[in-house]
2 protein chains.
Amino acid sequence: MSGLRQKILSTASNLFQTQGINSTGVDTIVATAGTTKMTLYKYFSSKELLILEVLREGHEDFQAWLNDKLNTNAKHPAEKLQKLFDYIEEWVTSPDFNGIGFIKASAEFPKEDNPVHKLSAEQSLQFREYIKQLAHEANIQDADGLALQLSLLFKGAAQAEQMQRGSDAIKYAKMAAKILIDGALTR
Amino acid sequence: MSGLRQKILSTASNLFQTQGINSTGVDTIVATAGTTKMTLYKYFSSKELLILEVLREGHEDFQAWLNDKLNTNAKHPAEKLQKLFDYIEEWVTSPDFNGIGFIKASAEFPKEDNPVHKLSAEQSLQFREYIKQLAHEANIQDADGLALQLSLLFKGAAQAEQMQRGSDAIKYAKMAAKILIDGALTR
DNA sequence: TAAAATGTATACCGATTAGTATAATCGATC
DNA sequence: GATCGATTATACTAATCGGTATACATTTTA
């Protein structure tokens, strides 16, 4: 049963994050994963498809982890909102954190009709919709606006973290989020 | 007097933004600029040096434009802070806007010792320091913190704009910035 | 008018890219 | 022990990459 497929996926994910997507050749991926090109192309029919799969898995992992954390550690919707950036911080500062995929992918594939770019935009929107749902359940008037603002803080912090690992950006993003959330709740 | 050098710079800037830096070959640049590789390499001894120069010019233009706008249209330091995102919006929504270079460059060159990455991080920090100075002059206690938060909003909005042109992210970033600034001023 | 600088045109180099063809090797099942 | 699927190993293709060499044309300067 192919642990190889998973190995290739995780290896590619790491390399994409540390070296860049376009700068990482297929040969480098298979060499690092300890396999050959024939095997890679048996599981992924093209590099683009591999990129898409890496993005998909990364996003699903993040969303599932975040949703699970919020559901088990917060009862009321407003509480979820207030704890959102706590878990974002926990995710981002985790030692095996390897970046928010869709942030970088959209930069490396700027053409709007590119499949990778389209998936990135879709995932970004999906995250925003998730926050919007939380805000809506917390009876916030402009749920859409708050969701957009929080996603901006998230993107900014992720971008800062990718620019310099271990920056204190997340900490201040959390404080800014608290101000925006509290303001929206008491309106 | 070489208008060719400037033509190459602006052409490269446009292509880098619309196609990506790594995805834009030197041949494409010279063909689009209407010149030859020999001329390009007379002005820029390598592609990396061309990238650095494009980044440098873009950042200088932005900083100079922003500083000029603030100085001529706002008197008091607090007023400058409050109008900051108005001009950021004006810059970003301008039709000939071609992206905040250091946002994308840091994604395409993730290695921290890479010259392009280093310049990007430097420019990002420089922008943050600029805001910090404004906040300091406005007698804001945690000038550093506010500057970081505003730069997060700026990065997030720029990232959103690069993901989808014409998004309303800037509008909401402006609103969030107002909340954060007002809160910091009346403390 | 002669010299010098600037730009064009074109062909080339070695390295790297994504992807494929072919044959050999491995382990498990029957 | 033979067979079968999965994996490896290696060599290859055609295209593209950044960068260079050479020869020629044009314009500027003296």
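Not measured: the values here are computed from a predicted model.
- Whole-Å rounding puts the I51(B) CD1 to dC17(D) C1' distance at 13 Å.
- Listed nucleotides: dT8(C), dG19(D), dG19(C). Nearest to the side chain of K47(A): dG19(C).
- Between K83(A) and E79(A) there is a salt bridge, since a side-chain N of the basic residue sits under 4.0 Å from a carboxylate O of the acidic one.
- Environment of NZ in K174(B): crowded, with over 12 heavy atoms of neighbouring residues, nucleotides or ligands closer than 6.0 Å.
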Begin with the C-alpha distance, continue with both residues' side-chain angles, and end with the deciding distance and a verdict on side chain to side chain contact (heavy atoms under 4.5 Å, CB included) for Y87(B) and N73(B).
CA-CA 10 Å; Y87(B) 296 120; N73(B) 296 329; 2.9 Å; yes

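- Of the N and O atoms on the side chains of S106(B) and Q159(A), at least one donor lies less than 3.5 Å from an acceptor on the other residue.
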Which dot-bracket notation, 5' to 3', represents the base pairing of DNA chain D when pairs are defined as Watson-Crick or G-U with both distances under 3.5 Å, crossing pairs as [ ], and inter-strand pairs as |?
||||||||||||||||||||||||||||||

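- The OH-C1' distance, from Y41(B) to dG7(C), rounds to 17 Å in whole Å.
- Atom C1' of nucleotide dT7(D) and atom CD1 of I8(A) are separated by 11 Å, given to the nearest angstrom.
- Rounded to a whole Å, the CG atom of L49(A) is 10 Å from the P atom of dG19(C).
- The phosphate of dG7(C) has OP1 or OP2 within less than 4.0 Å of a side-chain N or O from Y43(B).
- Here the P atom of nucleotide dT8(C) and the NZ atom of K42(B) are 10 Å apart, to the nearest Å.
- Residues I140(A) and L134(A) are not in side-chain contact: their nearest non-hydrogen atoms beyond the backbone lie 4.5 Å or more apart.
- Contacts with DNA chain D (heavy atom under 4.0 Å) in residues 25-39 of chain B: G25(B), V26(B), K37(B), M38(B), listed by number.
- When the C1' atom of dA18(C) is taken as reference, atom CZ of F44(A) falls 16 Å away, rounded to whole Å.
- Going from atom CG of L4(A) over to atom C1' of dG5(D) covers 14 Å, rounded to whole Å.
- With respect to the salt-bridge test (charged N to carboxylate O, under 4.0 angstrom), the residues K69(B) and E90(B) qualify.
- No side-chain donor-acceptor contact under 3.5 Å links Q123(B) and E60(B).
- Atom CZ of R5(A) is separated from atom P of dT7(D) by 12 Å (rounded to the nearest Å).
- We find that D27(A) and K37(A) are joined by a salt bridge, their nearest charged nitrogen and carboxylate oxygen being less than 4.0 Å apart.
- A salt bridge does not link E112(A) to R165(B): none of the charged side-chain nitrogens sits closer than 4.0 Å to a carboxylate oxygen.
- Across all strands, T24(A) comes closer than 4.0 Å only to sugar-phosphate atoms, never to a base (heavy-atom distances).
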